[in-house]
Amino acid sequence: GDSVTQMEGPVTLSEEAFLTINCTYTATGYPSLFWYVQYPGEGLQLLLKATKADDKGSNKGFEATYRKETTSFHLEKGSVQVSDSAVYFCALSGRGLTGGGNKLTFGTGTQLKVEL
Amino acid sequence: GAVVSQHPSWVICKSGTSVKIECRSLDFQATTMFWYRQFPKQSLMLMATSNEGSKATYEQGVEKDKFLINHASLTLSTLTVTSAHPEDSSFYICSARTSADRGGELFFGEGSRLTVL
């Protein structure tokens with residue numbers, strides 16, 4: 001079945017450092033890929049998504065590129081801020097364009113802590 | 001963006017009692033809602049898909065008689081954990097899907113933490 005593997009946390013960085021959170025997946029067909037973020041005390045929010053190979057999703061300075069050859073969707077940000085401290089979840093949806101009509105398979109989440 | 005609210009955000013109950021968790025879409029109608037369960041340091045596991053006006057679809061291994069789901073209206077789905085036991089202690093999260101004309105995207109509630117003593 002489908003699965004998502006992401007790096008274990010917590011990841012602790014200094015403000016303005018470069019961030020990479022690795023995510024790899026196993027799925028049949030051509031899934032859509034997502035990154036969700038959960039800030040303390042809040043629900044998961046969609047951060048960015050990509051629906052086909054070589055697509056790059058981006059939002060709030062975060063980027064992730066759908067790499068079919070390496071089955072990866074690594075999250076990157078060039079300069080993190082304290083306000084980026086949260087838990088980040090990588091997820092996939094089988095063959096759905098938005099992920100809304102299909103089940104989402106999540107990774108375990110990676111906690112990011114950004115310090116001054 | 002759309003808002004999904006869960007209530008209660010946390011609940012403590014005695015073993016053997018039943019607990020109801022509500023999931024509401026506050027500013028949109030959701031024909032489909034999803035219930036997830038999350039254990040510490042583990043991923044969200046889909047429990048069931050809740051469809052308005054029909055029976056929920058449960059994932060393999062999830063006891064439908066244990067986790068009762070009711071989607072009585074387009075803005076409300078409830079999850080009832082019946083005869084709760086300590087192993088049911090977990091973080092329960094719901095999500096709701098907007099209609100196709102609003103992008104068909106998923107929005108998540110803030111989660112409900114259940115502790116069974």
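Residue numbers begin at 1 in each chain, while the letters A, B, ... track the order of the sequences. None of the values given here were measured: they were computed from a predicted structure.
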Decide whether A/Phe34 and A/Leu48 are clustered together by the hydrophobic rule: side chain heavy atoms of Ile, Leu, Val, Met, Phe, Trp, Tyr closer than 4.5 Å, transitively. no
Can you tell me which portion of A/Gln38 sits under 4.5 Å from chain B's heavy atoms? Options are side chain, backbone, both or neither. side chain
A/Leu13 reachable from A/Tyr39 in the ILVMFWY side-chain graph, under 4.5 Å edges: yes
Crowded around B/His85 NE2? As in, over 12 foreign heavy atoms under 6.0 Å? yes
With the side chain counted from C-beta on, respond yes when B/Leu44 and A/Leu44 share a heavy-atom pair under 4.5 Å apart, and no when they do not. yes
Separation between CG (A/Leu104) and OG (B/Ser95), nearest 0.5 Å, reads 7.0 Å
Give the cluster check for A/Tyr66 versus A/Phe106: same hydrophobic cluster or not, with ILVMFWY residues linked at side-chain heavy-atom distances below 4.5 Å. no
Count I, L, V, M, F, W, Y as connected when their side-chain heavy atoms are under 4.5 Å apart, and connections chain through other members. Are B/Ile69 and B/Tyr92 then in the same cluster? yes
Find out whether B/Phe108 and A/Leu46 are in side-chain contact, i.e. whether some heavy atom of one side chain is under 4.5 Å from a heavy atom of the other. no
Proximal to chain A - members of residues 45-68 of chain B, heavy-atom separation under 4.5 Å: B/Leu46, B/Glu59
A/Tyr36 side chain reached by B/Leu106 side chain, heavy atoms, under 4.5 Å: yes
Does any part of the side chain of A/Phe89, heavy atoms only, come nearer than 4.5 Å to the side chain of B/Gln38, both counted from C-beta? yes
Pull out the residues in residues 107-116 of chain A that come under 4.5 Å of chain B, heavy atom to heavy atom, sorted by number. A/Gly107, A/Thr108
According to a hydrophobic-cluster definition based on side-chain heavy atoms being under 4.5 Å apart (Ile, Leu, Val, Met, Phe, Trp, Tyr only), do A/Val80 and A/Val11 belong together? yes
Contacts of B/Arg37 meeting salt bridge (charged side-chain N to carboxylate O under 4.0 Å, His left out) (sequence neighbours excluded), chain-then-number -> none
Verify the neighbour count for atom CD of A/Gln81: are there more than 12 heavy atoms of other residues, nucleotides or ligands below 6.0 Å? yes
With sequence neighbours excluded, tell me which residues meet salt bridge (charged side-chain N to carboxylate O under 4.0 Å, His left out) with A/Lys56. A/Glu63
